[in-house]
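Structure first, then comments.
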Amino acid sequence: MCARARARALGFIPGILPPGPLNAITDVAGVLVGQVTVIEGEGTRTGVTAIRPHPGNPYADRVPAGLFAMNGFGKMAGVTQVQELGELETPILLTNTLAVGRAMEALVDWTLAQPGNGQVRSVNAVVGETNDGRLNDIRARGVTALHCAEALAIAAPGPVAEGSVGAGTGTMAFGWKGGIGTSSRVLPAALGGWTVGALVQANYGGALCMAGLEVGRRLQKYYLAEHVAQQADADGSVMVILATDAPLSDRNLQRLARRAMAGIARTGAAFSDGSGDYALAFATHPEVIRTSARRAGVAHYADLPNDKASPLFVAAAEATEEAVLNALTMATTIESRINGRRCVGRSLPLDRVLALQGC
């Protein structure tokens with residue numbers, strides 16, 4: 001049996017741009033990720049993933065941000081203010097659908113406790129979700145505000161755990177076990193040398209395609225495969241978080257977020273009626289951070305010209321695509337029992353996938 005490995009190690013290398021040293025969202029300097037996996041009893045299989053845009057206080061030092069919803073069947077919190085103001089004032093938490101309220105509570109508590117926030121009376125907590133109810137007893141409400149607070153507290157730079165961890169513990173994708181995945185791309189120096197990192201919570205369906213290889217169709221597991229015993233579900237959701245150190249405005253970050261869906265499409269997504277497909281992008285360049293001092297008056301921010309953004313768009317699509325593949329190739333089988341029913345999310349059979357490659 002083939003051991004779990006990242007997609008690149010298995011020969012699946014989407015796109016043309018090189019990854020960063022970690023091939024992770026944390027290749028963007030300053031970005032922190034923390035994850036808490038919640039496995040309790042027979043049915044609870046869920047968790048939390050926290051993304052902090054920088055180590056400081058994001059309420060005081062806000063990062064520009066842009067959002068794109070390919071299909072809005074979701075419960076993502078805080079998005080209207082992000083769209084209106086073009087900025088993040090809290091970290092981002094990813095979790096399951098019925099834990100959004102508790103994650104918001106944790107983000108509010110965390111923000112109010114930050115040094116300098118003693119007079120804060122309004123907090124726009126940003127929380128993304130997917131419904132992991134196929135493997136997790138979601139009605140048991142296994143995620144608590146304490147789990148969310150822990151994910152924020154342990155957020156760190158460096159390698160990011162992938163697969164059946166954090167907010168990806170109970171997710172499914174393309175009929176197999178989904179999860180958390182991450183990747184990055186670095187532009188050549190002649191194009192600015194900027195980095196784009198992606199982190200995904202993969203819980204959606206369609207017909208899996210891995211760097212052009214039609215895995216779902218050839219393994220007979222895909223949406224609309226009538227009369228096939230292992231037909232996969234198209235519904236679910238995907239959350240994509242993009243980070244970049246390029247000096248982008250919130251307007252161009254929205255454009256960057258839109259390109260993440262090109263990466264999701266390349267994996268064979270169905271973008272079905274019941275799928276919540278969201279991408280949120282933020283920039284960490286020092287000259288675009290909306291500090292308290294800059295917000296006190298008329299401020300001048302760096303802004304990469306529109307005609308210089310195209311390579312970043314390519315990077316966003318490629319990093320997103322590879323992040324999804326990493327979520328699948330790193331995910332391990334998860335079993336649970338919900339209301340007396342045995343539930344199994346089987347990991348992608350890497351031996352069979354490699355056989356399709358001719359390996």
Side-chain angles (χ1 to χ4, degrees), residues 1-15 19 22-24 35 37 39 45 47 130 132 134-136 159-184 198-234 236 238 263-270 318-337 342-359:
M1 180 177 291
C2 185
R4 309 316 292 177
R6 304 188 82 189
R8 187 166 290 260
L10 298 169
F12 294 99
I13 305 174
L22 299 172
N23 196 13
Q35 303 195 81
T37 300
I39 296 179
R45 307 287 186 270
T130 70
D132 58 13
R134 281 171 285 187
L135 293 177
N136 171 47
V160 177
E162 296 173 294
S164 306
V165 296
T169 302
T171 63
M172 295 285 293
F174 300 102
W176 288 287
K177 183 67 189 66
I180 294 293
T182 190
S183 183
S184 68
L199 183 144
V200 303
Q201 180 189 20
N203 190 51
Y204 63 104
L208 176 62
C209 187
M210 299 180 67
L213 182 65
E214 293 184 313
V215 172
R217 182 180 64 83
R218 295 178 66 178
L219 294 185
Q220 291 295 296
K221 198 180 188 76
Y222 55 95
Y223 176 53
L224 297 181
E226 285 128 1
H227 311 297
V228 175
Q230 296 188 62
Q231 182 173 343
D233 189 358
V238 60
I264 297 299
R266 292 172 189 173
T267 67
E318 291 185 5
T320 301
E321 180 183 6
E322 187 167 352
V324 171
L325 301 188
N326 285 335
L328 283 156
T329 62
M330 290 296 290
T332 53
T333 297
I334 291 288
E335 297 188 29
S336 64
R337 186 169 293 275
R342 181 172 177 259
C343 305
V344 182
R346 300 193 185 280
S347 60
L348 182 68
L350 297 184
D351 291 338
R352 295 178 65 192
V353 171
L354 292 176
L356 297 179
Q357 278 187 315
C359 296

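These numbers were taken from a predicted model, which means no experiment stands behind them. Values below: all heavy atoms of this structure, side chains included; hydrogens, waters and symmetry mates excluded.
Counting heavy atoms from C-beta on, the side chains of M210 and T329 come closer than 4.5 Å. Looking at heavy atoms from C-beta onward, R266 lies out of side-chain contact with V324 at the 4.5 angstrom threshold. Taking the side chain as every heavy atom from C-beta outward, L208 and K221 never approach each other to under 4.5 Å. No side-chain heavy atom of L219 sits under 4.5 Å from any side-chain heavy atom of F174.
Legend: residues meeting side-chain hydrogen bond (donor to acceptor under 3.5 Å, both in side chains) with N136, ordered by chain and number and at least two apart, are D132. Not a single salt bridge (Lys or Arg N to Asp or Glu O under 4.0 Å) links R4 to another residue, sequence neighbours left out. Residues satisfying the salt bridge (Lys or Arg N to Asp or Glu O under 4.0 Å) test with R217, not counting sequence neighbours, are E214.
For the atom pair L213 CG and F12 CZ, the distance stands at 5.0 Å (nearest 0.5 Å). The CD atom of E335 sits 11.5 Å away from atom CD1 of I39, with the distance rounded to the nearest 0.5 Å.
Of the possible polar contacts, one joining the N23 side chain to the S184 backbone as a donor-acceptor pair under 3.5 Å is found. With D351 contributing its side chain and C2 its backbone, the two residues share a donor-acceptor pair below 3.5 Å. Here the side chain of T37 pairs a donor or acceptor atom with the backbone of G166 at under 3.5 angstrom. In this structure a side-chain-to-backbone donor-acceptor pair under 3.5 Å is missing from E162 to N326. With K177 contributing its side chain and L348 its backbone, the two residues share no donor-acceptor pair below 3.5 Å. With hydrogens and angles disregarded, no donor-acceptor distance shorter than 3.5 Å links the side chain of T169 to the backbone of R45. Side-chain N or O atoms of T182 include one that pairs as donor or acceptor with a backbone N or O of A198 at under 3.5 Å. Judged purely by atom type and a 3.5 angstrom limit, S164 has no side-chain atom pairing as donor or acceptor with the backbone of A331.
Listed here is the closest heavy atom pair of A173 and A202: CB-O, 4.1 Å. Here the closest non-hydrogen pair linking P14 and E318 is O-OE1, 4.1 Å. The shortest heavy-atom contact between A269 and Y204 is CB-CE1, 3.5 Å. Residues G179 and A327 share a closest heavy-atom pair of O-CB, 3.5 Å.
Exactly one of I180, T332, V160 qualifies for a side-chain contact (heavy atoms from CB on, under 4.5 Å) with V165. That residue is I180.
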Start with the C-alpha gap between M172 and N203, add the side-chain angles, then the distance that decides, and say whether side-chain contact (heavy atoms from CB on, under 4.5 Å) holds. CA-CA 5 Å; M172 295 285 293; N203 190 51; 4.2 Å; yes

